[in-house]
Number of protein chains: 2
Amino acid sequence: MAYSERGLAAGGNARPIVSPTSDEGWTDYARSPRVKTNRYEPHQVVFYEGDQADRIYELLEGAVMLYKLLPDGRRQVVEVLGANDMFGLLASRAYDCNAETLTPCVIRVLDRKDAETTPAAQRHITRCLLAQMESMHEHAVLLGRKSAFERVSSFLMRFVPGRGIADCRGPAGAGRDDALIVLTMTRQEIADYLGLTIETVSRVISDLKRRGLIAIEKQDRIRINNVCGMCHQTGAH
Amino acid sequence: MAYSERGLAAGGNARPIVSPTSDEGWTDYARSPRVKTNRYEPHQVVFYEGDQADRIYELLEGAVMLYKLLPDGRRQVVEVLGANDMFGLLASRAYDCNAETLTPCVIRVLDRKDAETTPAAQRHITRCLLAQMESMHEHAVLLGRKSAFERVSSFLMRFVPGRGIADCRGPAGAGRDDALIVLTMTRQEIADYLGLTIETVSRVISDLKRRGLIAIEKQDRIRINNVCGMCHQTGAH
DNA sequence: CGATCATTTGACACCGGTCAAGTTTTGTGG
DNA sequence: CCACAAAACTTGACCGGTGTCAAATGATCG
């Protein structure tokens, strides 16, 4: 039995594990006997590309990345998922990606057949897919058309809530316009997500620091000193 | 009234316009009074990014591309769709891409609300989304990690049915292993799809020709002389 | 405090972009 | 069917942004 399964079986601690954003009776689903909720450690593999795909997953807490490998070892992280995202969804019999946690995670595991035959589940899944599809489109632009600077800037802006989107309301008040973001990915993971090398990511971050746009408080805690200024580095404005 | 709408309103010609691959009563949907079927010319815009998204589209015949633009004019084609694909699906209120026909097309136009409330439509939409998501993952690998040669080779292999997939059965018979493919995209569109410039696409194609892997019969008709050989240029083997 | 791993920095090479001709193909009108 | 113009594509020369390889520095954890 995997650690993650024991984790909850034993788990007497009362932390709620039901998704807060339940829409239209979706969480009724969780009452099914075939639904389990598991805890995962950081950097634990949820499934491998090619595995028989008879389960689908709902990420309740934490962050998960999906990635694909080329035979020579090149890796591309194709999606980074957050709370309430679903994954392991597919058209074919086998998963098309590897799924690995970035942080400690709480993940609900559903039987694929159940999910496919429950209308409420269907709606929820479709909604997730639509949102993920939009992210993929945006990411295709990043991978196909943006420079290394723009890629890293776009990546950092992802973590500033409410900013950098189409209708960005600009800085909240007058004066300073900064934000602290906490990275859950290593430089290597960021590089594999942005289609760059680790060295290039590192160089761009150092350069942004040198130019005063950001400050590195800890390796994984970055302060953006001028959110608006950073936004103009993304290529989207 | 747009040309495309008149096209069918007047259209007395008896060409069948119902999708051949109807699953589980999905085509019942087409009987709704709010469903129209339109014809489009090549390079006609179906909708623009930012347009109010109250319709969804089902491509019955032809090919459509979805693309996004950056403010400075850089373009990324994010998806190339074929018969039975659906598009204009979204999470948000406005389309996130531009949609433009590549060839003459027959497109069924559905009311978004209708589609959202019809279970059979839901299933069909979800199925399309799942297939499109897998393509997007594959394309992210191409954009993020493949060389220009690998990108163009992968692109060409897309058009050889049954080959280049995971379980490629290899050449059908003994002896020659060639295939003729007909491109529906210009070099510029291919470049914008593959995240390259038109010059690089042209150079790679010329090089493949020089090395005898392909032959250009007409600008848009390319013969792959050695499908297996081409496949090994894609980076996937 | 030392070992290990992650990250940064430097030097250099090369792939693919840019700019600028050519050349071929397509379309139009006579 | 031909002549011409416009568009699409190809080719060449050059350069710059990223990748590669190697070493130094910094973080983490026993």
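Lettering follows sequence order; numbering is per chain, from 1. Below, each value reflects all heavy atoms present in this structure, side chains not excepted, and no hydrogens, waters or symmetry copies.
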Asks: Could you tell me the separation between the NZ atom of A:K209 and the CG atom of A:N225, rounded to the nearest 0.5 Å?
Replies: 12.0 Å
Asks: Report the C-alpha distance between B:L180 and B:E217 in whole Å, list the side-chain angles of each, state the deciding distance to 0.1 Å, and finish with yes or no for side-chain contact (heavy atoms from CB on, under 4.5 Å).
Replies: CA-CA 9 Å; B:L180 178 67; B:E217 307 202 340; 3.7 Å; yes
Asks: Counting heavy atoms from C-beta on, name the nucleotide in D:dC21, C:dG17, D:dT10 closest to the side chain of B:L196.
Replies: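 The closest nucleotide is C:dG17.
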Asks: Quick one: A:H43 NE2 to C:dC5 P, roughly how many Å, whole number?
Replies: 15 Å
Asks: Just verifying a value: how many Å separate A:F47 CZ and A:R55 CZ, rounded to the nearest 0.5 Å?
Replies: 12.0 Å
Asks: Could you tell me the separation between the CD1 atom of A:I198 and the C1' atom of D:dT18, rounded to a whole number of Å?
Replies: 15 Å
Asks: Let's see if you can work this out: which of D:dT18, D:dC21, D:dT10 has an atom nearest to the side-chain heavy atoms of A:E199?
Replies: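 It is D:dC21.
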Asks: For B:E134 and A:S92, run side-chain hydrogen bond (donor to acceptor under 3.5 Å, both in side chains): C-alpha distance rounded to whole Å, both residues' side-chain angles, the deciding distance at 0.1 Å, then the answer.
Replies: CA-CA 9 Å; B:E134 282 191 42; A:S92 36; 2.8 Å; yes
Asks: Side-chain N or O of B:T200 less than 4.0 angstrom from OP1 or OP2 on C:dG16?
Replies: no
Asks: Nearest-Å distance, CZ (A:R187) to P (D:dT18)?
Replies: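 About 18 Å, once rounded to whole Å.
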Asks: Without decimals, in angstroms, what is the distance between B:L183 CG and C:dT25 P?
Replies: 15 Å
Asks: Rounded to whole angstroms, how far apart are CD1 on A:I190 and P on C:dA6?
Replies: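 Value for this atom pair: 14 Å.
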Asks: Please state how far atom CZ in A:R151 lies from atom P in D:dG17, giving the value in whole angstrom units.
Replies: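 Whole-Å distance recorded here is 14 Å.
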Asks: With a 4.0 Å limit, can you tell me whether B:T197 has a side-chain N or O closer than that to the phosphate oxygens OP1/OP2 of C:dG17?
Replies: yes
Asks: Let's see if you get this right: which residues in residues 203-223 of chain A place a heavy atom under 4.0 Å from DNA chain D?
Replies: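 Residues of residues 203-223 of chain A under 4.0 Å from DNA chain D: A:R203, A:K218, A:Q219.
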Asks: Is the closest basic N to carboxylate O distance between B:D192 and B:R74 below 4.0 Å?
Replies: no
Asks: Expressed in angstrom and rounded to an integer, what is the separation of B:L143 atom CG from D:dT18 atom C1'?
Replies: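 From B:L143 CG to D:dT18 C1': 17 Å.
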Asks: How long is the line joining CG of A:D192 and P of D:dT18, in whole Å?
Replies: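 After rounding, the reported distance stands at 17 Å.
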Asks: Side-chain contact test, heavy atoms from C-beta onward, threshold under 4.5 Å: evaluate it for B:K146 versus A:L70 and give yes or no.
Replies: yes
Asks: Charged N to carboxylate O below 4.0 Å: is that the case for B:K68 and A:E138?
Replies: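 Answer for the salt bridge query: yes.
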